[in-house]
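Labels below follow one simple rule: chain letters A, B, ... track the order of the sequence lines, proteins then strands, and each chain is numbered from 1.
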There are 2 protein chains.
Amino acid sequence: MAKPPTTRDAVIPLLAEAFREHGYQGTSMAILQDATGLGRGSLYHFFPGGKEEMAAAVLADIRAWFDERVFSPLRSASTGAEEARQGVDTMFDEVRTYFRSGRRVCLPGVFAIGRERDKFDDAVRGYFAEWVDTLTAALGAAGSSEPRSRALQLIAAVQGGIVLARALDDPDVFDTVIDSARAPIDL
Amino acid sequence: MAKPPTTRDAVIPLLAEAFREHGYQGTSMAILQDATGLGRGSLYHFFPGGKEEMAAAVLADIRAWFDERVFSPLRSASTGAEEARQGVDTMFDEVRTYFRSGRRVCLPGVFAIGRERDKFDDAVRGYFAEWVDTLTAALGAAGSSEPRSRALQLIAAVQGGIVLARALDDPDVFDTVIDSARAPIDL
DNA sequence: GTCTATAAAGCGATAGAC
DNA sequence: GTCTATCGCTTTATAGAC
């Protein structure tokens, strides 16, 4: 919008926010220009594949962020019971901040329920598969009896919490959903 | 597609499936023609407001279905504890069948996380608000200590289960998520 | 690298014949 | 009531000047 960035990497977060706000189909090149402050020519210079390459780059960037801030900590937390519990705690802290209690959508989640799922199949599935796998491992290390079911339930609570908080236009709903899902055994 | 229907009411379910498969923005008039077997002229005859009126009619139809099959039973089940439990049971049966374990998306949910939320604000909010209210009442009657939090959690499990089942391309995930969410107290 | 101009296709919506 | 033809606009993508 304001200051035109000069590197491909600096552009990606701006593209990401545009895709999150308008969805894949709803995001036009004109919107992408406004969001980045760049002209058509510059965008196609950085992303010759156009809109599809931009969305793919955004998904890769999101994946990298979660790898570093969520998945990797969960993985390395799976050594002992106490570390595992703390790994899950920090996951929810990161996630709550990242999604801003549902004010910000999960782009892989949005793509999952739309036609974009086909086009970005690997990225969408990979994102959620790694989340499930790493959280399952952490929950198992923390002593959960059915770690995979519990991991699916908690991740679904995050995704459903986003949907519900936005539908009701009430961010508190997101926090309530997460807290309720965690409550029974605090794992 | 196959047989062109002749009444407005008969067209709506076909439109609904098209919107569910392609999203609001992704559903073009050409797709709507294919889905209904009707020409442009006929569609505009039934829905002078075009695409927006069609989507509004679909949302109203979905709302009516849930009113009859889910919300109304939940409301009338809120008289006694045992009826309330059974009302919640039938809700999950209806929902599991309706969403086909995540193979079918929830259109109000899809609209909630997209830009369509603004245009169909009342319909989206009304659908989820009534779901939350009626389920809260039933859970309260069934003896739940925090019925509203629990209602939000269970509805979020449905929405998140759809997202996750589609992302992982595994309908079993939907059922696992629902069962896990219900497990702790079976309410 | 960044821009504007423009091509080629698809969009929603309308008009008018039947 | 249903159709086809078409308008006017927006879309993605490309070309070429600077």
Item to check | Axial cation check for A/Tyr98 ring with A/Arg104, 6.0 Å and 45° limits | outcome: yes
Atom NE2 of A/His22 and atom C1' of D/dT12 are separated, to the nearest Å, by 17 Å
Winner on side-chain proximity to B/Leu38, out of D/dA13, D/dC3, D/dT11, is D/dC3
To the nearest angstrom, the CZ-P distance between B/Phe46 and C/dT14 comes to 17 Å
Rounded to whole Å, CZ of A/Phe47 lies from P of C/dG1 at a distance of 13 Å
Comparing B/Ser42 with A/Met29, nearest DNA chain D nucleotide closer to 5' gives the residue B/Ser42
Name the nucleic acid region contacted by A/Thr27, choosing base, sugar-phosphate or nothing; use a 4.0 angstrom heavy-atom cut-off, strictly under.
-> sugar-phosphate
Rounded to whole Å, NZ of A/Lys51 lies from C1' of D/dT10 at a distance of 12 Å
**Message:** Classify the ring geometry of A/Phe71 against A/Trp131: parallel below 30°, tilted from 30° to 60°, perpendicular beyond 60°.
**Reply:** tilted
The answer to which of A/Gly41 and B/Thr6 contacts DNA chain D further toward the 5' end, by nearest nucleotide, is B/Thr6
note: A/Leu43, atom CG; D/dA13, atom P; distance rounded to Å ~ 12 Å
B/Tyr44 OH to D/dT4 P, in whole Å, measures 16 Å
Whole-Å distance, B/Asp34 CG to D/dC3 P, equals 12 Å
CG of A/Leu74 to CD of A/Gln86, rounded to nearest 0.5 Å, is 12.0 Å
note: A/Leu32, atom CG; D/dT10, atom C1'; distance rounded to Å ~ 15 Å
Could you go through residues 37-45 of chain B and list every donor-acceptor pair under 3.5 Å that involves a side-chain atom there, pairing it with any protein atom two or more places apart or in another chain?
residue: B/Arg40; atom: NH1; partner: B/Gln33; partner atom: OE1; Å: 2.5

Side-chain atoms of A/His45 come closest, of C/dG12, C/dT4, C/dT2, to C/dT2
